[in-house]
2 protein chains.
Amino acid sequence: MTRASSRRPGPPTRTERGIPEATVARLPVYLRALTALSDSGIATASSEDLATAAGVNSAKLRKDLSYLGSYGTRGVGYDVEYLRYQIAREIGVTQDWAVVIVGIGNLGHALANYSGFGTRGFRIVALLDADPTLVGERIGEMEVRDFAELEDIVKADRVSIGVITTPAGPAQDVCDRLVAAGVTSILNFAPVVLSVPDGVDIRKVDLSIELQILAYHEQRKSGEAALPQVPELPALNGMPDLPSVGGGVGA
Amino acid sequence: MTRASSRRPGPPTRTERGIPEATVARLPVYLRALTALSDSGIATASSEDLATAAGVNSAKLRKDLSYLGSYGTRGVGYDVEYLRYQIAREIGVTQDWAVVIVGIGNLGHALANYSGFGTRGFRIVALLDADPTLVGERIGEMEVRDFAELEDIVKADRVSIGVITTPAGPAQDVCDRLVAAGVTSILNFAPVVLSVPDGVDIRKVDLSIELQILAYHEQRKSGEAALPQVPELPALNGMPDLPSVGGGVGA
DNA sequence: AGGAGCTTGTGAACGTGAGAACAAAATCGG
DNA sequence: CCGATTTTGTTCTCACGTTCACAAGCTCCT
């Protein structure tokens, strides 16, 4: 369960004409860098220029771009507008994707107001919440609608992307409803592991996990310089209470 | 520039007694799963149970845990409370980390109200904004303070983590100020590539990038089933305007 | 006490990603 | 028209991450 990658046992285990996942994750960064260059009136950029703007190394950038085709000119560089369009087309943001946001709490509010929803390519078609006291509230140019309308909205507007900004509790239920209604991509802000059937893509954004990763490295920094009394042995000292093993798995 | 990883040319290129980065990123997930199990009154769990709860495969979970030490019991599993404490200690969330949030727009508001700030281990000590009309506003139990107070606050409260929720424009300036004040870990929500000196860790959360990654896969799904007229050749058809290469790099 | 049955911890195989280095192709100057 | 220069696209190598498979170790039952 929870496998969302479609890996069929095809002939040579080759991803079907696919771009590596790590590259896909960087393409939006390149797209943004190209847009910035374009806005600055720059017409041509070398892989070195682009790499600097995108915060990566130039060899990696060139290899990434090579998966899309040969869009550069040796000795010259890349035409900014041309490459920008090619990447946008490859990602799929030359068309508009309909998005619903479920859960209009603080975060849902913030996302609903997010001007332009990042870059173009995405269109919020509905804000949904199950709380009757929220339904009807206006946020920007939209109105919060009842979660029960989900199915109608998804079908009417061909919604393929759902954003979950509910608390952890109802998130899996919301997710199931979204999938049942026909949504095939989900962006989850709720702090739970959601399980979805094969063929549905899911991505997670989790503030507290990010903070904890930072804390880990922060602790190392302090520990290295000042207080290296990290227990080297896998010892069991300083534990609140060391329970003896045993006690069934049931509740 | 923009390298935040401290890779010194030490003897065997071995990370200094370090846990692999991929593992570090999963430890918070395990921690959350363990907390959930603990709340359900479950005292012992096998790697299979834990892996299911965390949404990973059990071999990976066991290998991850093995970097921390041998905290399980063969034939039995892991003591939930014990393991939870060990992971919390390894991550560093047994102590409290002081956090400042800079940029009190929609998203800053949402984060400021985020109850408990995810899990324990983090304490918001200040909400900062440069806009004088925002300064003084109360959010929950806190009051927005002037960004100019940053240095004092960082020193007084030993702030090591900064969260940037400003627009893209001022983000790099804010980042520089944070670093200059002594912050050594940054969580960036602004859609720009920030560059920081060595020794400063930076993580990025970017809504529009996540959506674009979903869009890419979504496009593939549609294309596979219905309309496979993806141009197989690296052709240049359907382009808005195909510019001839040439035209200087300057503005 | 001893064997059967689980479950952990880890060694080895495999796949993916990153970076260095270089050949191929384009422009530019003479 | 040709060589020097620039920059891409690609190959090769190495490091990292994932998964399999199994020996080691613990508990429980007879």
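Hydrogens, waters and symmetry mates play no part in the numbers below; they use all other heavy atoms, side chains included. Sequence lines set the chain letters: A, B, ... in the order given, protein chains first and strands last, and positions in each chain run from 1. Every value quoted in this text rests on a predicted model; they were computed, and no experiment measured them.
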Which atoms of nucleotides 28-30 of chain D (N or O only) lie under 3.5 Å from a protein N or O atom, and what are those distances?
none

Euclidean distance, atom CG of residue Leu65(A) to atom C1' of dT10(D) [Å, nearest integer]: 13 Å
Does a side chain donor of either Thr23(B) or Asp64(B) reach within less than 3.5 Å of an acceptor in the other side chain? yes
Send over the distance from Leu50(A) CG to dT7(D) P, rounded to a whole Å. 13 Å
Whichever of Arg62(A) and Pro20(A) has the more 5' nearest nucleotide on DNA chain C, that residue is Pro20(A)
CG (Leu68(B)) and CD1 (Ile91(B)) are apart, to the nearest 0.5 Å, by 9.0 Å
Reckon Arg26(B) has a side-chain N or O less than 4.0 Å from the OP1 or OP2 of dT18(D)? yes
So Glu48(A), base contact, sugar-phosphate only, or nothing? Heavy-atom distance under 4.0 Å. nothing
How many whole angstroms separate atom NZ of Lys60(A) from atom P of dA20(C)? 11 Å
What's the CG-P distance between Asp64(A) and dG19(C), to the nearest Å? 11 Å
dG17(D) phosphate, OP1 or OP2, under 4.0 Å from Tyr67(B) side-chain N/O: no
From Leu107(A) CG over to Phe189(A) CZ, what is the distance, rounded to the nearest 0.5 angstrom? 5.5 Å
Round to the nearest Å and state the distance from Asn57(B) atom CG to dT8(C) atom P. 13 Å
Protein-proximity profile, nucleotides 25-30 of chain C, B/S/- by nucleotide at the 4.0 Å heavy-atom cutoff, equals BSS---
Report the distance from atom CG of Leu61(A) to atom P of dT8(D), rounded to the nearest whole Å. 9 Å
dT8(C) phosphate, OP1 or OP2: any side-chain N/O from Ser47(B) under 4.0 angstrom? yes
Once rounded to the nearest 0.5 Å, what's the spacing between atom CG of Leu37(B) and atom CD of Glu81(B)? 10.5 Å
Strictly under 6.0 Å, is that where the ring centroids of Tyr78(A) and Tyr71(A) end up? no
Beyond-backbone contact of Arg177(B) with Val102(B), side-chain heavy atoms, under 4.5 angstrom: no
Looking only at N and O atoms, is any donor in the side chain of Lys63(B) or the base of dT19(D) less than 3.5 Å from an acceptor on the other one? yes
Would you mind reading off the distance between Asp79(A) atom CG and dT8(D) atom P, rounded to a whole angstrom? 13 Å
Distance check needed: dT8(D) C1' versus Asp49(A) CG, whole Å only. 13 Å
Quiz question: by atom type and distance under 3.5 Å, do the side chains of Thr94(A) and Arg89(A) form a donor-acceptor pair? no
Residue pair Ser208(A) / Arg32(B), side-chain donor-acceptor N/O under 3.5 Å: yes
Identify whether the distance between the nearest side-chain nitrogen and carboxylate oxygen of Lys221(A) and Asp201(B) falls below 4.0 Å. yes
Considering only side-chain heavy atoms of Ser66(B), which listed nucleotide, dC20(D), dT10(C), dA20(C), is closest? dT10(C)
By nearest nucleotide on DNA chain D, pick out whichever of Ala22(B) and Ala59(B) is the more 5' one. Ala22(B)
Can a donor-acceptor pair be found between the side chains of Asp49(B) and Thr52(B) at a distance below 3.5 Å? no
